[in-house]
Amino acid sequence: MNGSFAIDLTGRVAIVTGGTRGLGRDIADALARSGARVVVCGRNEPADLPQGVTFFAADIRDPDQAKALVEHAVALHGRLDVLVNNAGGSPHADFAAASPRFLDAILKLNLQAPMYMAQAAYPHLLAAGGGNVISVASVSGIRPSPGTAAYGAAKAGLLNLTQSLAQEWGPQGIRVNAIIAGLMQTENAEATYGDADAQAGVARSMPLQRMGLGSDIAGAVLWLCSDAASWVSGARINVDGGGERPYFLDLVKGE
């Protein structure tokens, strides 16, 4: 992980779904470095994990396994303060040809699994006196997402879920927020954006002249967990380097 953050989360317990690799691993590492005890999940245990992070095998698309993950974290550490719904994603697919099975799988991973996790976490967040639910959404949920239409629809639903739960659970001291991640430089960047030259072109198109890193998302997560964000709930926080440049501007210039 790149970067460090001076936020103290000592004594808090967090779950990060999909925290064994990519953005999720960076988020889990940042939480652990800030003093939290962190449990991550996946279907296969990784060869190594950051210090302070433990693994539990679970497919959170299954509500029973989502509940088992939460109960494991509470049994291991005695409480739960933070849930980060990070697991998600989608391959490129022509919507007209996508099978019902494929569409169901995308919706289960990107929308239903966060629902199951939030439901399972709720009584434990309540017992801890309040806490944080943070969902990693995507710019695909706020603008057209051709080629990943089901994913975009699921992320749009996740954003609505965030605001609805912020209203429902706010009186119990539970804050619910979403991070709208922009174009990210992940281990799968080549599959998404093309080769190194193509990725460099994408980076140059961004206002801050680069794609996002896991540390950028992790920093936003830490801030949302901190007391500095104690009155932030129901927020959709864009972590996107200033956003994507409108394509029509280049067309106007004849580029």
Side-chain angles (χ1 to χ4, degrees), residues 1 5-20 23-42 45-46 49-60 62-87 113-136 158 161-162 164-179 217-235 237:
M1 174 187 162
F5 307 94
I7 291 175
D8 185 6
L9 300 177
T10 300
R12 302 190 199 183
V13 176
I15 292 173
V16 181
T17 67
T20 61
L23 301 181
R25 185 182 176 103
D26 287 337
I27 292 167
D29 185 27
L31 287 166
R33 287 175 181 268
S34 295
R37 291 165 290 175
V38 184
V39 177
V40 299
C41 71
E45 186 169 3
L49 284 171
Q51 186 175 356
V53 178
T54 57
F55 174 80
F56 183 78
D59 181 350
I60 58 171
D62 178 338
D64 291 333
Q65 293 190 47
K67 184 176 181 181
L69 166 62
V70 171
E71 291 180 346
H72 168 79
V74 173
L76 183 64
H77 296 303
R79 58 185 292 140
L80 180 65
D81 303 277
V82 177
L83 166 63
V84 181
N85 286 315
N86 165 76
M115 288 180 174
Y116 300 150
M117 288 299 303
Q119 282 187 320
Y122 174 77
H124 302 288
L125 297 173
L126 201 60
N132 290 275
V133 177
I134 302 166
S135 294
V136 180
L158 186 59
L161 178 68
T162 293
S164 296
L165 294 186
Q167 292 276 331
E168 287 192 29
W169 295 355
Q172 285 76 50
I174 300 171
R175 296 191 289 111
V176 188
N177 292 289
I179 294 170
I217 304 300
V221 168
L222 293 185
W223 177 72
L224 285 170
C225 291
S226 75
D227 293 340
S230 64
W231 210 53
V232 178
S233 193
I237 299 176

Do [X] side-chain atoms and [Y] backbone N/O form a donor-acceptor pair below 3.5 Å?
X      : Y      : answer
Arg37  : Leu76  : no
Ser226 : Trp223 : yes
Arg175 : Leu224 : yes
Asn132 : Val82  : no
Asn86  : Val136 : no
Asn85  : Met117 : no
Asp81  : Val13  : yes
Ser233 : Val176 : yes
Ser34  : Leu9   : no

Which pair of non-hydrogen atoms, one from [X] and one from [Y], has the smallest distance, and what is that distance?
X      : Y      : result
Ala121 : Leu83  : CB-CD2, 4.0 Å
Leu69  : Ala58  : CB-CB, 4.3 Å
Ile174 : Leu126 : CD1-N, 4.3 Å
Gln65  : Asp59  : OE1-N, 2.7 Å
Leu158 : Pro114 : CD1-CB, 3.7 Å
Ala28  : Val53  : O-CG2, 3.8 Å

Heavy-atom check, side chain of [X] versus side chain of [Y], under 4.5 Å:
X      : Y     : answer
Ile217 : Asp26 : no
Ile60  : Cys41 : yes
Val39  : His77 : yes

In Å and rounded to the nearest 0.5 Å, what is the [atom1] to [atom2] distance from [X] to [Y]?
X      : Y      : atom1 : atom2 : value
Cys225 : Ile7   : SG    : CD1   : 8.5 Å
Thr54  : Glu45  : OG1   : CD    : 9.5 Å
Glu71  : His124 : CD    : NE2   : 5.5 Å
Leu23  : Ile179 : CG    : CD1   : 10.0 Å

Kindly indicate, with the supporting measurements, whether the criterion side-chain contact (heavy atoms from CB on, under 4.5 Å) is fulfilled by Val133 and Leu125. CA-CA 9 Å; Val133 177; Leu125 297 173; 3.7 Å; yes

Students often mix this up, so state it plainly: with edges at 30° and 60°, are the rings of His72 and Phe56 parallel, tilted or perpendicular? parallel

Got more than 12 heavy atoms from elsewhere within 6.0 Å of CD, Gln172? yes

Verdict with supporting geometry, Val16 and Arg25, side-chain contact (heavy atoms from CB on, under 4.5 Å): CA-CA 8 Å; Val16 181; Arg25 185 182 176 103; over 6 Å; no

